[in-house]
Each structure stands twice: as C-alpha cells, then as structure tokens.
Novice: 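What follows is a single structure, and I will ask about it in a moment.
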Amino acid sequence: MKKAALLLTALGLALGLMTGCGKSTPLLTATDYELDSETNTTSRGVTIGDTSEAFLAAYGDNRIFTSVDGGSYEVLPAEEIPFDASVTTLLPTFFINGLPVDPDVFCEENEIRKADLLSCLSSEDFLNSHTVVYYYLLFTWENGSITDILCRYMDYNEDASYYKDFSPADQYSEYE
C-alpha cells in the first residue's frame, strides 16, 4: 500500500510540475492537511461518502491531480473530473521552511528548470539550510462518492524515501 501511494504521488507530482503553467491557484496550508482519524474528515469538512459538490466546494479552486481507472495523474479542470468513474484525486503541496510553495514560482525565483525541481529540493546543499516537507491528500472515488481519504507527508530532511501518516500534533511545532 505504501509503495503504491509513493508511486501514485511521485507520478502525480512529476506530471503536475510539468503542467498548469500560467494559472495561479491557491496553495493549501498546513492546517488544510489535518485529517480527523476518527471521523475521517478533512479540516475543510470533507468526509467519506461526500459527493463531488462537497469536494469541489472545499478544494475546487486548488490544482487537483486526477487519475482515472488507475491511469497516470493529470491536472484536470474541476468540471472535467469524471467523479462517477473509478477516480483518485490528489492535492499535493511542498512546504519549505514551513511555508507552502508554488513550484512554478520557486523555479522562476531560483532560476531552475521544472524538471530539476525535485533534485534541487532533495539535494544535500538545499536540505542543509532548509526544511522541505511534501504533504498530500488522496481521495478515492467510486460511483460519485468518496470511499477513502488519506493524508500523508514526506519529510525530505529525515529521509526522502520514507512516507509517514500525517499526525498534526507531531508536526505543528515545526510550523509555528
């Protein structure tokens, strides 16, 4: 399961970093990644059993990576996501030094190619002077309803190949 999530996330991020140029979308904050494990409800009030209306009301303005029937992730406009199919939606954000970062802006400001973003963020030199954490919410859909919600993070400073369950209580000290 973790390897599948890792693969899905890596594919989604790689594809997403190559798309969406020119369009500014709001970034999710650290609190947007809170997931109540007892009720399986996101901080924006989305829970298992919700429909696309609730999901889009909460996340429709964000860049949504979508995989249909287990295919590759791609950024689709909200109105084009086929929620009635077997779909997975992904909402990722990089946080550098506790702040959400737009990959396009980061690449432009640091004069790097988008293809080199992951190499830059995971380089020893960059990690010696910055904290880099990658968060994502993963929603699984069947027949128009959410069937599962996962929230994960990867702390590049600890080990960029190891994913953990997101536990807000353990992480907020880093962002305050």
Novice: For residues 77-87, which residue pairs qualify under salt bridge (Lys or Arg N to Asp or Glu O under 4.0 Å), counting only residues two or more places apart or in two chains?
Specialist: none

Novice: Sequence neighbours excluded, which residues qualify as side-chain hydrogen bond (donor to acceptor under 3.5 Å, both in side chains) partners of T93?
Specialist: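 If we apply the side-chain hydrogen bond (donor to acceptor under 3.5 Å, both in side chains) test to T93, skipping adjacent residues, the hits are Y33.
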
Novice: Report the residues that fulfil side chain to side chain contact (heavy atoms under 4.5 Å, CB included) with E108, sequence neighbours left out, ordered by chain and then residue number.
Specialist: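 Side chain to side chain contact (heavy atoms under 4.5 Å, CB included) check on E108 returns nothing, list empty.
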
Novice: Does anything in residues 41-56 form a salt bridge (Lys or Arg N to Asp or Glu O under 4.0 Å)? List the pairs, not counting sequence neighbours.
Specialist: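 Those involving residues 41-56 are D32-R44.
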
Novice: Sequence neighbours left out, what passes ring pair (Phe, Tyr, Trp, His ring centres under 6.0 Å) with F106? Give chain and number order.
Specialist: F126

Novice: Holding to side chain to side chain contact (heavy atoms under 4.5 Å, CB included), I want the full list of residues that pass it with S119, two or more places apart in sequence or in another chain.
Specialist: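 S119 satisfies side chain to side chain contact (heavy atoms under 4.5 Å, CB included) with no other residue.
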
Novice: Holding to side chain to side chain contact (heavy atoms under 4.5 Å, CB included), I want the full list of residues that pass it with S129, two or more places apart in sequence or in another chain.
Specialist: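 Not a single residue meets the side chain to side chain contact (heavy atoms under 4.5 Å, CB included) criterion with S129.
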
Novice: Taking only residues two or more places apart in sequence or in another chain, which ones pass side-chain hydrogen bond (donor to acceptor under 3.5 Å, both in side chains) with T41?
Specialist: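 With sequence neighbours excluded, T41 shows a side-chain hydrogen bond (donor to acceptor under 3.5 Å, both in side chains) to T39, T47, given in chain and number order.
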
Novice: If the condition is side chain to side chain contact (heavy atoms under 4.5 Å, CB included), which residues does D116 pass it with, not counting sequence neighbours?
Specialist: R113

Novice: Which residues satisfy the side-chain hydrogen bond (donor to acceptor under 3.5 Å, both in side chains) test with T89, sequence neighbours excluded?
Specialist: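 Listed in chain order: W141.
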
Novice: For S86, which residues count as a side-chain hydrogen bond (donor to acceptor under 3.5 Å, both in side chains) partner, sequence neighbours excluded?
Specialist: E142

Novice: Looking at CG of L27 and CZ of F95, how far apart are the two atoms once the value is rounded to the nearest 0.5 Å?
Specialist: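 The CZ atom of F95 is 8.0 Å from CG of L27, to the nearest 0.5 Å.
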
